[in-house]
Amino acid sequence: MNVGAVEMLESRQDFIATKGKQKNQIKCDADSIAGCVSQRACVYCGARVVLNPVTDAIHLVHGPIGCASYTWDIRGSLSSGSELYRNSFCTDLKEQDVIFGGGKKLTAAIDELVAKYSPSLLFVYSTCIVGVIGDDLDAICKSATSRHGVEVLPVQSSGFIGNKAAGYRAACDTLLQLIEPTKQIWSKKAGSINYLGDFNLAGEAWIIEEYLREIGIELNVVFTGDSTYAKIKTAPQASLNIMQCAGSMNYLATKMEELYEIPYIRVSFLGLEDTADSLRRIAAALDNVSAAAKAELLISREIAKTKPVIDWYRGKFAGKKAAIYVGGGFKAISLIKQFREIGVEVVMVGTQTGRQEEYDTINELVDEGTVILDDANPAELERFMVSKGANLLVGGVKERPLAYKLGIAFIDHNHDRKHPLSGYVGAINFAEEVYSTLCSPVWNSIRKGDD
Amino acid sequence: MMENEMKSCRNVNENPCNMCMPMGGIIALKGIAGSMVVLHGSQGCSTYMRRHIAEHFNEPVDVGSSSLNEKGTIYGGAKNLEQALDNVRRVYNPHVIGILTTCLAETIGEDVERFADEYKQKNGLQDFPLVTAPTPGYGQSHDEGYWFTAKRILVCLTETAPKHDRLNIVIPHISPADIREIKRILGLMNIEYTLFPDISDTLDRPHERPYTKMTSNGTALADIKTMSGAAATIQMGVTVEDSFSPGKYLKDTFGVPLYRVPLPIGMAGTDQFMETLQEITGQPMPASLAQERGRLLDGMIDSHKYNFQGRGMIFGEPELVYSITKTCLENGLHPVVAATGSRNARLGELLQPSIADGGEKIHILSETDFCHIKNYGEEAGANIAIGHSGGRYLEERAGIPLVRVGFPIHDRVGGQRLLSVGYTGTMLLLDRITNTLLENKHKSYRKKMFEQFYQAAN
């Protein structure tokens with residue numbers, strides 16, 4: 001196989017490692033290198049994905065139309081109530097605004113939106129130009145808050161101030177502002193938990209909520225899947241935070257521990273092993289014996305239902321190899337474990353914004369020879385998928401056509417997916433999706449011409 | 001007649017109908033053989049636009065970025081841009097690079113034209129084709145971005161050339177299937193041409209093994225160089241402002257005669273294109289095309305009563321909106337709203353005679369959003385929407401079925417394969433529209449009649 005044809009850039013070499021070959025740690029959490037065709041989006045994107053599932057908020061983009069256009073209702077977060085978050089609101093800044101400042105327009109926009117929708121909450125996202133022309137978002141939002149008696153919160157997400165991970169932090173800062181008790185001091189509700197880092201894609205948070213209800217644990221608020229203004233406000237009363245997507249929520253969890261004395265544990269509901277393990281650890285962390293017992297019942301019941309299905313699929317996947325390229329480290333780690341459950345070998349793992357500790361975990365989990373890469377680009381994905389003989393790629397919308405062009409199966413692990421991958425139902429969906437693409441007859445037609 | 005007054009929010013765009021300028025620039029540059037694009041700005045712009053394009057075409061869309069960070073924003077982005085060009089050249093080995101600016105680069109005052117000259121000097125690349133186009137996102141919409149970048153490609157690459165017999169065919173952003181159909185028609189007429197810009201293969205590639213990152217298809221650089229010597233330019237773009245018009249540039253700079261025609265959609269629209277071809281070449285319409293025309297006529301008659309029930313909301317890029325609105329009119333489907341998110345005065349002027357023809361009012365909206373499109377459409381009793389997949393909002397919120405055409409189409413497959421031009425394409429488009437009306441009628445008429453006549457009487 002002529003993989004040498006794909007040119008590699010020296011400046012990228014520190015970001016790529018092969019397990020067993022190098023001692024050095026992989027470089028990560030750095031700015032993308034110009035011209036490398038990074039798959040990362042921007043600060044605004046990071047902030048928007050985290051906050052977007054807050055259903056009864058107005059999400060107002062202060063900036064040019066593109067930022068709003070490319071993020072209009074592209075996420076699969078579901079709501080049990082308001083659909084307000086599915087609209088795209090934008091101040092649609094034009095040249096005049098860039099020259100003379102966009103503050104007036106923003107103020108007027110907030111006034112109009114409050115009059116039209118009477119929302120309880122407005123998020124105002126800053127974009128690149130706003131960061132340069134220097135509209136005072138803080139002051140404008142503050143003044144609007146006191147004028148309308150509605151919380152208007154700035155999100156400092158100018159695109160150039162960092163990468164997508166900086167956007168997660170900006171979103172968490174805004175959430176912290178929102179949580180901060182004003183008058184009411186929350187008394188703790190024993191045994192009640194917050195769930196951080198689930199965006200209720202295709203109802204995933206609902207699946208977990210049901211599991212917890214069954215074992216007698218009350219879910220207080222989810223950050224941020226199907227959350228609302230009122231629910232988020234109650235966050236300080238929880239006695240435990242469980243955190244799934246650590247890339248986006250680690251900062252919030254740490255701050256909540258510091259400010260509201262809510263300890264947190266890591267969980268993952270992707271795959272059979274992680275789901276069972278997480279339920280057990282939640283019960284243990286709450287010191288809830290009854291929950292622990294009920295969890296065992298739930299786990300054995302679900303395993304009895306699910307395991308035979310998974311095993312059937314497992315039999316179909318013998319000898320197959322997978323490549324992973326996803327946004328954050330948590331997802332990559334869970335996927336490695338999930339592939340193990342269905343008997344698929346992982347030969348390449350990469351993330352857009354994984355953190356050092358996550359890469360360490362990845363390195364521990366994978367087999368010798370697996371390629372690990374941070375902030376990869378299409379050329380690198382192509383090179384390693386081909387050279388490692390991957391039969392399947394897990395990724396997002398941008399990666400899908402590349403996999404298909406290479407004749408490689410594809411699993412959608414993006415935020416716009418329409419089927420849940422969490423819990424036991426998600427584990428079956430995952431195996432089914434792998435089967436639907438890995439074992440599809442279309443590949444026979446494609447390979448027909450091969451020698 | 002232009003109705004810019006906003007019904008509810010004047011300072012808010014609520015559910016956008018358009019995209020930003022560099023988006024159009026990328027599409028135009030993707031139509032040039034061996035091209036690679038670099039966006040000068042922060043990383044997110046290129047990623048968002050790649051995602052948006054990839055989801056429509058289901059093709060890998062590689063676009064570089066100068067990945068400006070805080071430092072570059074404060075001290076200038078030349079270093080980042082230089083690195084971006086170096087890296088893109090090494091990995092992709094492109095034959096031409098287009099540099100498009102973004103909001104950020106324009107706001108901090110980057111001079112990419114000067115940069116490009118210096119870069120060429122420094123690297124001994126005097127003859128390397130670099131195209132620069134200032135396309136700030138806050139400037140205009142993706143539609144102007146497309147036309148302006150197309151013009152910039154000619155400004156940067158076209159040279160004085162000896163006269164030749166080929167025709168320049170300058171097209172708006174249409175589907176790869178549409179482009180292939182236009183080429184088929186030109187082939188049937190035995191016409192030699194340079195079609196510009198040509199994404200028909202670059203953004204709709206056959207499955208090939210092994211996969212290559214670059215394709216040799218797209219408008220050839222050699223052909224772009226000599227568009228100056230063409231017998232004439234046919235520009236399918238009547239809504240394009242002169243300052244953005246590639247055809248106008250070729251006429252003013254090199255004296256190439258310019259024929260501005262609308263997209264060949266609809267009977268009259270396609271006739272106009274065919275007549276223009278006949279006028280320029282002196283050749284008659286081939287018999288096979290005359291037959292296609294006859295079949296379209298036959299189909300129009302077959303469907304006319306169904307179409308008469310339609311009250312359409314048409315939205316998207318101005319050129320497409322113009323042609324589809326005219327097609328609706330010639331089939332008795334009344335367009336209640338013709339709307340574009342772009343700021344375009346010509347669309348209104350061009351549709352004016354159709355309005356003056358009598359009959360019912362058409363709301364022509366420029367620089368508008370879906371909130372307004374929905375309000376006007378619902379008020380006027382619209383029962384069909386025609387445009388890109390942003391219109392799913394109309395389907396979901398107002399129960400108005402959507403016929404998908406244009407860009408982007410994100411919630412269905414095959415946007416790149418939608419054929420709507422020429423006599424045959426018009427027939428297919430019209431069938432999609434008529435069948436949507438029929439489907440809706442069949443779904444609801446039993447219940448409607450029952451409620452109206454049985455329940456009311458009992």
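Sequence lines set the chain letters: A, B, ... in the order given, protein chains first and strands last, and positions in each chain run from 1.
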Heavy-atom distances under 4.5 Å only: say whether R392(B) touches chain A with side chain, backbone, both or neither. side chain
Taking all non-hydrogen atoms of both residues into account, name the closest pair between S66(B) and A34(A) and its distance. O-CB, 3.5 Å
Should the pair D111(A)-R10(B) be classified as a salt bridge under the 4.0 Å nitrogen-to-oxygen rule? no
What verdict does the side chain to side chain contact (heavy atoms under 4.5 Å, CB included) test give for E106(B) and V98(A), after you've listed the backbone C-alpha separation in whole Å, the side-chain angles of each residue and the deciding distance to 0.1 Å? CA-CA 10 Å; E106(B) 289 297 325; V98(A) 174; over 6 Å; no
Turns out that what part of S46(B) lies under 4.5 Å from chain A's heavy atoms comes down to neither
Under 4.5 Å between any side-chain heavy atoms of S42(B) and C128(A), yes or no? yes
Who wins among A403(A), S11(A), A109(A), S158(A) for the most heavy-atom pairs under 4.5 Å with chain B? A109(A)
d(D31(A) CG, N80(B) CG) to nearest 0.5 Å is 8.5 Å
Among A54(B), G64(B), G137(B), S65(B), which has the most heavy-atom pairs under 4.5 Å with chain A? S65(B)
From N15(B) atom CG to S69(A) atom OG, the distance as rounded to the nearest 0.5 Å: 9.5 Å
Examine distances only and state if a side-chain atom of T47(B) and a backbone atom of R40(A) form a donor-acceptor pair shorter than 3.5 Å. yes
Could you walk me through whether R397(B) and N87(A) pass the side-chain hydrogen bond (donor to acceptor under 3.5 Å, both in side chains) check? CA-CA 11 Å; R397(B) 311 270 174 104; N87(A) 291 294; 3.0 Å; yes
Interatomic distance, D92(A) atom CG to N18(B) atom CG [nearest 0.5 angstrom]: 7.0 Å
Between E82(B), H142(B), R50(B), which residue shows the highest count of heavy-atom pairs closer than 4.5 Å to chain A? R50(B)
Does any non-hydrogen side-chain atom of Q140(B) lie less than 4.5 Å from one of E95(A)? no
What I'd like to find out is whether the side chain of L104(B) reaches to under 4.5 Å of the side chain of I129(A), using heavy atoms alone. no
Top of E70(B), M21(B), K71(B) for chain A proximity - count of heavy-atom pairs under 4.5 angstrom: E70(B)
Side chain to side chain contact (heavy atoms under 4.5 Å, CB included) evaluation trace for F160(A) with N69(B): CA-CA 5 Å; F160(A) 60 86; N69(B) 51 21; 5.7 Å; no
Chain A contact via M36(B) - side chain, backbone, both or neither, heavy atoms under 4.5 Å: side chain
For K164(A) and Q43(B): C-alpha separation, side-chain torsions, deciding distance, then whether side chain to side chain contact (heavy atoms under 4.5 Å, CB included) applies. CA-CA 9 Å; K164(A) 198 173 168 185; Q43(B) 177 59 47; over 6 Å; no
Taking only Lys NZ, Arg NE, NH1 and NH2, and the carboxylate oxygens of Asp or Glu, determine whether E59(B) and R400(A) approach each other closer than 4.0 Å. no
How close do P401(A) and P60(B) get, heavy atom to heavy atom, and via which atoms? CB-N, 3.3 Å
Quick test of your reading of the model: are E208(B) and K405(A) salt-bridged, counting only N-O distances below 4.0 Å? no
Hey, are the side chains of V132(A) and T73(B) touching, using non-hydrogen atoms and a 4.5 Å cut-off? yes
Does a salt bridge link R51(B) with E399(A), judged by any charged N lying under 4.0 Å from a carboxylate O? no
Applying a strict 4.5 Å limit to non-hydrogen atoms, the region of Y92(B) in contact with chain A is side chain
Counting heavy-atom pairs under 4.5 Å with chain B, the top scorer among C36(A), A68(A), P64(A), A115(A) is P64(A)
Do T71(A) and Y48(B) touch side chain to side chain, with heavy atoms closer than 4.5 Å? yes
Might you point out which heavy atoms bring Y404(A) and H207(B) nearest each other, and give the distance in Å? O-CE1, 3.1 Å
Below 4.5 Å from any heavy atom of chain A, which atoms of D86(B) appear? Answer side chain, backbone, both or neither. neither
Does M19(B) form a side chain to side chain contact (heavy atoms under 4.5 Å, CB included) with I65(A)? I'd like the steps, not just the answer. CA-CA 6 Å; M19(B) 291 151 278; I65(A) 199 66; over 6 Å; no
Pairwise side-chain contact, S88(A) with F370(B), heavy-atom cut-off 4.5 Å (strictly under): no
Roughly how far apart are T107(B) OG1 and L93(A) CG, rounded to 0.5 Å? 9.5 Å
Cut-off 4.5 Å, heavy atoms of chain B, and the answer for R12(A) is neither
Do you know which of I110(A), L113(A), D97(A), L106(A) has the most heavy-atom pairs with chain B at a distance under 4.5 angstrom? L113(A)
Using side-chain heavy atoms (C-beta onward) and a distance below 4.5 Å, is E14(B) in contact with E112(A)? no
Report which part of V38(B) has an atom under 4.5 Å of a heavy atom belonging to chain A: side chain, backbone, both, or neither. neither
If you measure from NE2 on H410(B) to CG on D73(A), what distance do you get to the nearest 0.5 Å? 12.5 Å
Charged N-O contact under 4.0 Å between K398(A) and E55(B): no
Hey, what do you get for CZ (F89(A)) to CG (N11(B)), rounding to the nearest 0.5 Å? 14.0 Å
For C20(B), is there any backbone N or O sitting under 3.5 Å from a side-chain donor or acceptor partner on Y70(A)? yes
Reference residue V37(A); test side chain to side chain contact (heavy atoms under 4.5 Å, CB included); the match among D62(B), N87(B), V91(B): D62(B)
Would you say Y211(B) and L402(A) make side-chain contact, with heavy atoms under 4.5 Å? yes
